[in-house]
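See structure below.
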Amino acid sequence: MSTILVTGGTGYIGSHTTVELMESGMDVVIIDNLENSKKEVIDGIREITGKAPHFEEVDLRNRTATFAVFEKYPDIEATIHFAAYKAVGESVEKPLAYYENNLLSLINLLEAMKKFDVANIVFSSSCTIYGQPEEMPVTESAPIQVATSPYGNTKQICEEILRDEVASGSTTRVIALRYFNPVGAHISAKIGELPLGIPANLVPFITQTAIGLREQLNVFGNDYDTPDGSAIRDYINVVDLARAHVVAIKRLMENKQKKPLEVFNLGTGTGLSVLEVIKAFESATGEKVNYKIVARREGDIEKVWADTSIANEELGWIAEIGIEETLRSAWKWEQTIRK
């Protein structure tokens, strides 16, 4: 049985990916400092899969503690690196915290991998590295624009670190997955997106407003150059996204890469505006959302959606779950955690 190290594994995408890895027959070791997640997520993973992953409460900024995990689990064959701060708006307010956490955690992880002869890493990247693309849909070969937020810049720099490490002659092999906008929850409603404090992402703010936890949803801007004036994103179901990580890990471990560092866009290939997502949620659930148009948010871009053809062809992966089913799963999750 292959053992995979998942950093940030009790987080939103990390927990769903852990489930998919375990259901595909792999053993998982989670590293998480629980700064933006809860250990109870492990219970949800156990209820879905029938088995708990190994768990180590470790901060990747702590080099010694990170190395100790690799010593404890000598069978680790590959890593998936999720652990990072990820809120665009917060990164504008706290840039130094984002640079320290997101860069140092990757560096320490790579150093540990090198010392313990672990070559394979799937890196959680982001479509934010494209900035505001000049052409839509955005392909993997699109020019990397100047980042519009410190968060986006950390993802750009992390990819540069990985590229330089590979170019140095290291044995490290990388697949960087550039996510668009993950949404939804596991169909079981045992795990889902659980932001601590005020949500930074659209869908949990929609569900929290619909259930009465928030008075209203702020829509940041209605004067963008889009059909309805609100910003457009490519919203991908988190389970579809998680399954792509399983494919990527297998590609690495089976030596199917065409080059030591590959990048893939993960999205649906379709852009939806904020207002369209609100309407889709209302249609899917029958719930009304109290929202208000407010000023644009610093660091946000106008529109972006993926060209997924390379991921579809090379990985043999495709996003399959539609937006209404996705939003119903998010609503089911919200109702479950508020009981």
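On a predicted model such as this, the values are computed, not experimentally measured, just so you know. The analysis underlying the following values was restricted to heavy atoms, covering all of them including side chains, and did not include hydrogens, waters or symmetry mates.
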Inset, instruction - Would you confirm whether Asn218, through its side chain, and Phe220, through its main-chain N or O, come within 3.5 Å as a donor-acceptor pair? - result: no
Legend entry - Nearest-0.5 Å distance that lies between atom OG1 in Thr154 and atom OH in Tyr85: 11.5 Å
Inset, instruction - For the pair Tyr98 and Tyr151, name the ring-plane relationship: parallel under 30°, tilted 30 to 60°, perpendicular over 60°. - result: perpendicular
Inset, instruction - Quick one: name the residues clustered hydrophobically with Val219, using the 4.5 Å side-chain heavy-atom rule over I, L, V, M, F, W, Y, and just say none if it's on its own. - result: Val183, Ile198, Leu202, Val203, Phe205, Ile206, Ile211, Leu213, Leu217, Tyr235, Leu272, Val274, Leu275, Val277, Ile278, Phe281, Val289, Tyr291, Ile293, Ile323, Leu327, Trp331
Inset, instruction - Among Ile, Leu, Val, Met, Phe, Trp and Tyr joined by side-chain contacts under 4.5 Å, find the other residues sharing a cluster with Trp333 and list them by chain and number. - result: Leu194, Ile337
Inset, instruction - Please confirm whether the backbone N or O of Asp240 pairs with a side-chain atom of Trp317, one donor and one acceptor, at under 3.5 Å? - result: yes
Legend entry - Among Gln145, Arg178, Glu140, the one residue meeting side chain to side chain donor-acceptor pair (under 3.5 Å) with Tyr130: Arg178
Acceptor/donor pairs from residues 114-122 side chains to any protein atom, 3.5 angstrom cut, sequence neighbours excluded:
| unit_1 | atom_1 | unit_2 | atom_2 | d |
| --- | --- | --- | --- | --- |
| Lys114 | NZ | Glu165 | OE2 | 3.1 |
| Asn120 | OD1 | Arg173 | NE | 3.1 |
| Asn120 | OD1 | Arg173 | NH2 | 2.8 |

Inset, instruction - Scan side-chain atoms only and decide if Asn101 and Ser105 contain a donor-acceptor pair under the 3.5 Å cut-off. - result: no
Legend entry - Main-chain N/O of Val88 paired with Arg297 side-chain donor or acceptor, under 3.5 Å: no
Inset, instruction - Any chance you could lay out the side-chain hydrogen bond (donor to acceptor under 3.5 Å, both in side chains) test for Ser168 and Ser170, step after step, and finish with the verdict? - result: CA-CA 6 Å; Ser168 73; Ser170 162; 4.9 Å; no
Legend entry - Heavy-atom side-chain contact between Ile4 and Val29 under 4.5 Å: no
Inset, instruction - Flag the pair Lys303 / Asp225 as yes when at least one side-chain heavy-atom distance between them is below 4.5 Å, and no otherwise. - result: yes
Legend entry - Glu135 CD: over 12 foreign heavy atoms closer than 6.0 Å: no
Legend entry - Euclidean distance, Tyr224 OH relative to Asn222 CG, rounded to 0.5 Å: 10.0 Å
Inset, instruction - Could you check if a side-chain atom of Leu109 sits within less than 4.5 angstrom of a side-chain atom of Thr79, using non-hydrogen atoms only? - result: yes
Inset, instruction - Check whether any side-chain N or O of Glu282 sits under 3.5 Å from a backbone N or O of Lys288 as a donor-acceptor pair, and report yes or no. - result: no
Inset, instruction - May I ask you to check whether His186 and Ser188 show a side-chain donor-acceptor distance below 3.5 Å? - result: yes
Inset, instruction - Indicate whether the side chain of Thr10 and that of Asp32 have a donor and an acceptor atom separated by less than 3.5 Å. - result: yes
Inset, instruction - Apply side-chain contact (heavy atoms from CB on, under 4.5 Å) to Cys127 and Tyr179, showing your working. - result: CA-CA 6 Å; Cys127 67; Tyr179 312 159; over 6 Å; no
Legend entry - Backbone of Gly11 reached by a side-chain donor or acceptor of Ser15 within 3.5 Å: yes
Inset, instruction - Go through Met26 and Met253 one step at a time and tell me if the side-chain contact (heavy atoms from CB on, under 4.5 Å) criterion holds. - result: CA-CA 12 Å; Met26 299 185 195; Met253 294 195 301; 4.1 Å; yes
Inset, instruction - Would you confirm whether Gln257, through its side chain, and Lys259, through its main-chain N or O, come within 3.5 Å as a donor-acceptor pair? - result: yes
Inset, instruction - List the steps, then state whether side-chain hydrogen bond (donor to acceptor under 3.5 Å, both in side chains) holds for Glu159 with Ser125. - result: CA-CA 8 Å; Glu159 284 202 16; Ser125 193; 2.6 Å; yes
Legend entry - Residue Glu298 excluded, over 12 heavy atoms near CD under 6.0 Å: no
Inset, instruction - Verify, without hydrogens or angle tests, whether Asp234 (side chain) and Ala306 (backbone) share a donor-acceptor contact under 3.5 angstrom. - result: yes
Legend entry - Inter-residue atom distance Thr308.OG1 - Asn312.CG, 0.5 Å rounding: 3.5 Å
Inset, instruction - May I ask you to decide if Ser124's main-chain N or O and Lys155's side chain share a donor-acceptor pair within less than 3.5 Å? - result: yes
Legend entry - Asp228 side chain to Ser273 side chain, donor-acceptor N/O pair below 3.5 angstrom: yes
Legend entry - Donor-acceptor pair between Glu324 and Ser283 side chains, under 3.5 angstrom: yes
